[in-house]
Student: 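Handing you this structure, nothing more for now.
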Amino acid sequence: MKDETDAVHHVTCPLCEAMCGLEVTVEDGRVARIRPDDNDVWSRGYICPKGAALGDLHHDPDRLRAPLVRRDGGFVEVGWDEAFAEIENKLRPVLESDGLDAVTTYIGNPTAHNYSLSRYVAAFIPMSGIPRLYSAGTVDQWPKNVTSALMYGGMWTISTPDVDRTDFLMIMGANPHASQGSLLACPDVMGRIRDIRERGGKVVVIDPRRTGTAERADEWVPIRPGTDAALMLAWAHVLFEEDLVTPGRLADFTSGIDRVRELVAEFSPEAVAACCGIPADTIRRLARELAAAPRAAVYGRIGTCTQEFGTLASWLVDVLNILTGNLDREGGSMFSNPISWSLTTLTPPEFADGFEFGRFHSRVRGAPEVLGQFPVSCLAEDIAAPGDGRIRALITIAGNPVISAPESSRLDEALTRLDCMICVDNWLNETTRHADVILPGHGVFEQPHYDELIWAWAVRNAGKYSPPVFATDPGRPAEWEILLKLAAMLQGAKVDEIDVGVLDDLFFAGLVGVVSGDERSRIAGRDANEIVAASDGTGPDRLLDFTIRTGPWGDCYGENPDGLTLARMKEHRDGIDMGPLEPRLPDLLRTPSGKIELAPDYVVGDVARLQQRLGRKDDGLVLVSRRHLRSNNSWMHNVGQLMTGKDRCTLLVHPADAAPRELVNGGRARVASEAGSIVATVEVSDEMMPGVVCLPHGWGHDKDGAKLAVASQHAGVCNNVIAPGGLVDVPSGNAVVNGIPVQVAGVQS
Ligand SMILES: Nc1nc2c(c(=O)[nH]1)N[C@H]1C(S)=C(S)[C@@H](COP(=O)(O)OP(=O)(O)OC[C@H]3O[C@@H](n4cnc5c(=O)[nH]c(N)nc54)[C@H](O)[C@@H]3O)O[C@H]1N2
Ligand SMILES: Nc1nc2c(c(=O)[nH]1)N[C@H]1C(S)=C(S)[C@@H](COP(=O)(O)OP(=O)(O)OC[C@H]3O[C@@H](n4cnc5c(=O)[nH]c(N)nc54)[C@H](O)[C@@H]3O)O[C@H]1N2
Ligand code: SF4
Ligand SMILES: [Mo]
């Protein structure tokens, strides 16, 4: 049957940072096929299997289209009014007896890729008044946020390698072959990596596993997990020792270079070689190559963050880029200047005079807050341990912490003790099965799209707006409306008295006030009321219009009449590309000194912990994680198209580690840590370095009560069951899910 949506639609894939342009053909009201959009100015015809499978995701019969409410031990579908009434019933007793201190939220990864959520968590958090929160950020990039905050004055002031112009790319703890780039928005990043080599440049991968990226690089250097900081200190040592420190123009606005020189003195290549498992002469040679390359970039990602010395490693990536003069220069590591700036990058008012950590502590283990968050592993104990201040109500927003957080079984159990759990989520999965109410948002093709944050580290200054492919039932609220309503309910408003439109106007006016009050913004000193009056629409569209208009190419509300607005953006179906990255320093710096702080005390203070690590004898096995091109964290395993082929959830073991344990391909092994044990299928492979075993993350779909017909057929095991919650990178509180000490033994089947 012909449907009014039958057409060829051009939209951006919202799944990952590659932001590929898709050509979606709809026939008879269904997605008939998805092809790469060759005309997309950004992705120019690139796509991966996940983008091609979005039709299946959209039509997944398990995807929720109406709220679910827990009744008699199961879930029933209800209307929206009934769902919110139920939330009120559940929330009120908690708020009345314990107030907001007993309420928290967990914010998951898809928030960053979703049109409504990415803009409206910025409203939800302050408007709800929730005092503390947890997020996937503390199993991810928190160390980078900490070092960027301290070095540049902005927790999202994160540079990205200028892959199109570099001559030397040092990839540490990242596998773009699977992930497609992270804190590195770049479609077909592996093609760009190939191009570096084709133009005579060099690509080196530092990773305990010979990944798909390492296979395609000039050199793979295996490293003992958690020791990147030692390696990088040794590189810096060589740079100073051999007079290769050349910060160039950066020296004019960088303080702390001498402090770094003192710090690295004792970290010679010889001093760290054994700890890293890398010969001293290799370390020395790589430092010289880095210094000699005309244009080079050191790039670190998950493997350098979710490890024992995540903050030091994240910091040193930038230190090396600065010492070699490669930060903020073409072909080095650069800061994007996106068409639409991101609300997420606004510094919260509490940090206006600089960043301070440990302002309050978690209830049970006394963990200090860092950038307003506790380690995600605190959530389980903060719910479960009896006593004052217990968390009794949890709101998850696009998160699946029962799979993704360390010591996940403990969290799984703790969630059963909540008095109220509300999940803003599109599936009934391992986490949401504990909910009292599940509120689904619109699907990927049922809402407009424009990446809010991701363009902030894109390899070009660009942007693209995607209209929705399918209309939704007007009775279904968008997620931004859901969040505003929940925020008001947490503030004690009665659900039938909440006017989401009024709240949205309030949030928008507040934002305009903040931006016009910032002396560095393009509307500094302008009349906020006039700007509000000149802004059309509501919701995320209005916010997007504002961030485009006040962005570098915006019309700035009349000041630059030919400039961009959302309406003009929409005229460019294939997106707008403003060209390659350009230097942005020192203007971008927001540190109190106005300089790059190369050696912040807070970070430098952790070097002593690393010094102790150098002397530690470690001969046991450690576990690391991996990703796969056809998975997306925990939530794409229900897409049948992506689940073909051999079992992906295997324990990779080097032959030298397999032999003494009598482990064989396809056999079973028990992997145990101080947190627990799991049994996994063995895959013997020399792609691992000896001493390191590897499991993918995002699996373990065998929980009762979830509704994931396909994923449950490919359950796999959850590696976070054995990730000890107490293992954190101390300065950031980020989880250590790479480099977990484990014992592995064969299991007779
Ligand atoms: N051991 C180990 N653990 C890890 C990692 C690792 O490498 N190893 N990686 C960590 C990293 S980097 C991350 S980011 C986290 C991810 O941690 P999480 O964000 O907690 O987990 P996801 O698997 O991304 O789950 C996403 C959830 O969002 C829902 N969802 C999907 N799309 C939408 C939408 O449009 N709207 C709404 N409302 N919900 C939606 C899905 O149903 C699912 O419940 O995991 C971390 N955990
Ligand atoms: N297909 C797909 N794409 C994704 C995702 C997905 O699940 N699937 N997840 C998305 C998310 S949320 C994120 S955060 C990004 C992550 O993107 P990436 O950072 O590229 O993530 P991974 O592919 O997990 O690669 C991390 C690498 O670090 C290595 N490693 C582990 N420990 C260490 C160590 O101590 N030192 C060093 N040097 N290396 C180490 C691992 O062996 C692994 O190869 O990917 C995003 N893109
Ligand atoms: S690489 Fe794949 S998942 Fe990522 S945006 Fe492109 S099509 Fe989507
Ligand atoms: Mo992530």
Side-chain angles (χ1 to χ4, degrees), residues 11-22 34 36-37 40 42-43 46-54 57 108-110 112-113 135-142 144 170-190 205-214 220-232 276-278 299-310 313 317 404 444 451 454 622-637 642 652 687-689 692-694 696-699 736-740:
V11 298
T12 293
C13 173
L15 291 180
C16 88
E17 293 185 15
M19 302 185 286
C20 299
L22 310 176
I34 296 182
D37 178 358
D40 186 284
W42 164 252
S43 61
Y46 183 74
I47 190 178
C48 90
K50 295 187 296 302
L54 282 179
L57 189 77
N109 171 272
H113 300 273
S135 81
T138 58
V139 208
D140 192 339
Q141 80 297 330
W142 225 236
K144 198 78 205 170
M170 182 80 82
I171 303 177
M172 309 188 64
N175 182 18
H177 181 250
S179 69
Q180 302 297 299
S182 179
L183 294 177
L184 163 57
C186 175
D188 190 18
V189 56
M190 292 311 295
V205 172
I206 315 281
D207 198 302
R209 176 170 159 241
R210 195 180 67 241
T211 58
T213 308
W220 169 49
V221 181
I223 185 168
R224 182 83 182 161
T227 65
D228 299 75
L231 170 64
M232 285 188 274
C276 302
I278 304 175
Y299 162 65
R301 208 33 294 267
I302 273 287
T304 56
C305 282
T306 52
Q307 55 135 299
E308 193 177 354
F309 297 98
V317 164
S404 54
V444 282
D451 283 279
I454 311 300
V622 293
L623 174 72
V624 296
S625 297
R626 68 176 182 273
R627 285 177 160 71
H628 192 281
L629 183 61
R630 296 165 81 87
S631 296
N632 197 20
N633 296 334
S634 73
W635 68 279
M636 292 282 285
H637 296 146
L642 297 173
L652 295 175
E687 73 189 45
M688 295 314 299
M689 72 185 276
V692 184
V693 294
C694 177
H697 97 112
W699 298 80
V736 176
V737 290
N738 281 296
I740 300 167

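Remember, it's 1-based here, ligands and their atoms both numbered in the order they're listed. All values reported here derive from a predicted model rather than from experimental measurement.
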Student: Do the non-hydrogen side-chain atoms of V622 and R224 ever get within less than 4.5 Å of each other?
Tutor: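 Counting from C-beta outward, V622 and R224 do come under 4.5 Å.
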Student: Rounded at 0.5 Å granularity, tell me how far CG in D40 sits from CE in M19.
Tutor: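 Rounded to the nearest 0.5 Å, the CG-CE separation comes out at 9.5 Å.
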Student: I'd like to know if P208 contacts ligand 2, where contact means a heavy-atom distance under 4.0 Å to any ligand atom.
Tutor: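 Checking ligand 2 against P208, which is what was asked, there is a heavy-atom contact under 4.0 Å.
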Student: Within ligand 2, which atoms have a heavy atom of V624 less than 4.0 Å away?
Tutor: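 In order of number, 31 (C), 32 (N).
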Student: So do Q307 and V624 actually touch side chain to side chain, heavy atoms under 4.5 Å?
Tutor: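 Side chain of V624 against side chain of Q307, heavy atoms only: no contact under 4.5 Å found.
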Student: Taking all atoms of both residues into account, what is the closest heavy-atom pair of L231 and C276, and its distance?
Tutor: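 Closest pair (atom of L231, atom of C276, distance): N-SG, 3.7 Å.
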Student: Between the side chain of T306 and the main-chain N/O of N738, is any donor-acceptor distance below 3.5 Å?
Tutor: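 No, because the side chain of T306 does not come within donor-acceptor range (under 3.5 Å) of the backbone of N738.
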Student: Working to the nearest 0.5 angstrom, can you tell me the gap between N632 CG and L15 CG?
Tutor: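 One finds 5.5 Å between CG of N632 and CG of L15.
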Student: Starting at CE of M636, measure out to CZ of R630 and round the result to the nearest 0.5 Å.
Tutor: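 Taking CE in M636 and CZ in R630, the distance rounds to 10.5 Å.
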Student: Any donor and acceptor pair, going by atom type alone, linking the side chain of S43 with main-chain N or O of G21 inside 3.5 Å?
Tutor: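 Checked: pair present.
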Student: Can you tell me how far CE of M190 sits from OH of Y46, rounded to the nearest 0.5 angstrom?
Tutor: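 Result: 9.0 Å between the selected atoms.
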Student: Can a donor-acceptor pair be found, under 3.5 Å and without considering hydrogens, that links the side chain of W42 to the backbone of A18?
Tutor: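 Indeed, once roles are kept as given, a pair shorter than 3.5 Å links the two residues.
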Student: Is ligand 2 under 4.0 Å from a heavy atom in the side chain of N633, in the backbone, in both, or in neither?
Tutor: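 Both the backbone and the side chain of N633 come within reach of ligand 2.
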Student: Among protein heavy atoms, which sits nearest to atom 31 (C) of ligand 2, and what does the distance come to when rounded to 0.1 Å?
Tutor: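 Looking at atom 31 (C) of ligand 2, the protein heavy atom closest to it is N738 OD1, 3.3 Å.
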Student: Is the shortest distance from a heavy atom of H177 to ligand 2 less than 4.0 Å?
Tutor: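 Outside the 4.0 Å threshold, so no.
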Student: At under 4.0 Å between heavy atoms, which part of H628 makes contact with ligand 2: side chain, backbone, both or neither?
Tutor: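 It is the backbone that touches ligand 2; the side chain stays farther off.
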Student: Can you find a heavy atom in the side chain of I47 that is under 4.5 Å from one in the side chain of C13?
Tutor: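 When only atoms from C-beta onward are counted, C13 and I47 do not touch, as no gap falls below 4.5 Å.
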Student: Examine I223 against ligand 2 and note whether any of their N/O atoms are separated by less than 3.5 Å.
Tutor: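 So ligand 2 has no N or O lying under 3.5 Å from an N or O of I223.
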Student: For I302, is at least one N or O under 3.5 Å away from an N or O on ligand 2?
Tutor: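 Yes; at least one N/O pair falls below 3.5 Å.
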Student: Closest heavy-atom contact between S631 and W699?
Tutor: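 Where S631 meets W699 most closely, the heavy atoms are OG-CZ2, 3.8 Å.
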Student: Counting non-hydrogen protein atoms only, what is the nearest one to atom 24 (O) of ligand 2? Give residue, atom name and distance.
Tutor: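 So the nearest neighbour among protein heavy atoms is R627 NH1, 2.9 Å.
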Student: Is a side-chain N or O of T304 found less than 3.5 angstrom from the main chain of R301, in a donor-acceptor match?
Tutor: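 Judged by distance alone, yes, a pair lies under 3.5 Å.
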Student: At what distance is the nearest protein heavy atom to atom 43 (C) of ligand 2, and which residue and atom is it?
Tutor: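 Result for atom 43 (C) of ligand 2: D207 OD2, 3.4 Å.
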Student: Which of these, R626, R627, H628, sits in a side chain to side chain donor-acceptor pair (under 3.5 Å) with H697?
Tutor: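 The passing option is R627.
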Student: With hydrogens left out, which residues have an atom under 4.0 Å from ligand 3, given that only heavy atoms count?
Tutor: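 If the criterion is a heavy atom under 4.0 Å, then ligand 3 touches C13, L15, C16, A18, M19, C20, I47, C48, K50, G51, Q180.
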Student: Check whether W220 reaches the backbone of R209 with its side chain - one donor and one acceptor, N or O, closer than 3.5 Å.
Tutor: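 Such a contact is found between W220 side chain and R209 backbone.
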Student: For Q180, is at least one N or O under 3.5 Å away from an N or O on ligand 2?
Tutor: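 No, no N or O pair falls under 3.5 Å.
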Student: Using a 4.0 Å cutoff against the non-hydrogen atoms of S182, which atoms of ligand 2 qualify?
Tutor: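 Going through ligand 2 atom by atom, the ones under 4.0 Å from S182 are 13 (C), 14 (S), 15 (C), 16 (C), 17 (O).
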Student: Starting from atom 34 (C) of ligand 2, which protein heavy atom do you reach first, and at what distance in Å?
Tutor: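 Looking only at protein heavy atoms, the one closest to atom 34 (C) of ligand 2 is G303 O, 3.3 Å.
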Student: Is there a nitrogen or oxygen of S631 sitting under 3.5 Å from a nitrogen or oxygen of ligand 2?
Tutor: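 N/O-N/O distance below 3.5 Å exists for this pair.
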Student: Evaluate H697 for polar contact with ligand 2, using N/O atom pairs at a separation under 3.5 Å.
Tutor: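 In this structure, H697 places no N or O atom under 3.5 Å from an N or O of ligand 2.
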Student: Would N632 count as a contact of ligand 2 if the rule is a heavy atom under 4.0 Å away?
Tutor: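 Flag set, N632 near ligand 2.
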Student: Please check whether C16 reaches ligand 2 - meaning an N/O of the residue sits under 3.5 Å from an N/O of the ligand, judged on distance alone.
Tutor: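 Not met; the criterion fails.
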Student: Should the proximity of S625 to ligand 2, defined as any heavy atom under 4.0 Å, be assigned to the side chain, the backbone, both, or neither?
Tutor: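 Backbone only; the side chain of S625 stays clear of ligand 2.
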Student: Considering the heavy atoms of P225, write down every atom of ligand 2 situated less than 4.0 Å from one of them.
Tutor: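 Those qualifying, in numeric order: 34 (C), 35 (O).
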Student: How does D228 reach ligand 2, if at all, at less than 4.0 Å between non-hydrogen atoms: by side chain, backbone, both, or neither?
Tutor: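 The answer is the side chain of D228.
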Student: Using the side chain to side chain contact (heavy atoms under 4.5 Å, CB included) rule, pick out the option among L629, I302, T211 that qualifies with N175.
Tutor: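 Result: among L629, I302, T211, T211 is the only option passing the side chain to side chain contact (heavy atoms under 4.5 Å, CB included) with N175.
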Student: Could you list which atoms of ligand 2 come closer than 4.0 Å to a heavy atom of T211?
Tutor: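 Counting atoms of ligand 2 from 1, those under 4.0 Å from T211 are 44 (O).
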Student: Which residue supplies the protein heavy atom nearest to atom 18 (P) of ligand 2, what is that atom called, and how far is it?
Tutor: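 Among all protein heavy atoms, the one nearest atom 18 (P) of ligand 2 is S179 OG, 3.6 Å.
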Student: Distance from T227 atom OG1 to M232 atom CE, nearest 0.5 Å?
Tutor: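 Here the rounded value is 9.5 Å.
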Student: So for ligand 2, is N175 a polar contact partner (N or O within less than 3.5 Å, distance only)?
Tutor: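 Yes, there is a polar N/O contact under 3.5 Å.
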Student: Would you call S404 and N633 a side-chain contact if the rule is heavy atoms closer than 4.5 Å?
Tutor: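 They are not in side-chain contact.
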Student: Just jot down the ring pair (Phe, Tyr, Trp, His ring centres under 6.0 Å) partners of H113, sequence neighbours excluded, or say none.
Tutor: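 Testing H113 for ring pair (Phe, Tyr, Trp, His ring centres under 6.0 Å), a comparison that skips the adjacent residues, returns none.
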Student: Consider ligand 2: state whether an atom of it lies below 4.0 angstrom from any non-hydrogen atom of A178.
Tutor: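 So A178 counts as touching ligand 2.
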Student: Answer yes or no: does an N/O atom from D140 fall short of 3.5 Å to an N/O atom of ligand 2?
Tutor: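 By distance alone, the answer is no.
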Student: With a 4.5 Å heavy-atom cut-off, do P49 and L642 have their side chains touching?
Tutor: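 Of all side-chain heavy-atom pairs linking L642 with P49, at least one is under 4.5 Å.
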Student: Please say whether K50 places an N or O atom under 3.5 Å from an N or O atom belonging to ligand 2.
Tutor: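 Yes, there is a polar N/O contact under 3.5 Å.
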Student: Just how far is it from atom CG of D207 to atom CD1 of I223, taken to the nearest 0.5 Å?
Tutor: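 Output value for this atom pair is 9.0 Å.
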Student: I need the atoms of ligand 2 closer than 4.0 Å to a non-hydrogen atom of N109, numbered in the order shown.
Tutor: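 It comes down to these atoms of ligand 2: 12 (S).
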Student: Mark up the atoms of ligand 2 that fall under 4.0 Å of a heavy atom belonging to R301, in ascending order.
Tutor: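 With R301 as reference, the close atoms of ligand 2 come out as 14 (S), 19 (O).
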Student: If you measure every N or O of G173 against every N or O of ligand 2, does any of those distances drop under 3.5 Å?
Tutor: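 Yes, there is a polar N/O contact under 3.5 Å.
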Student: What atoms in ligand 2 come closer than 4.0 Å to a heavy atom of G226?
Tutor: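 The list of qualifying atoms is 34 (C), 35 (O).
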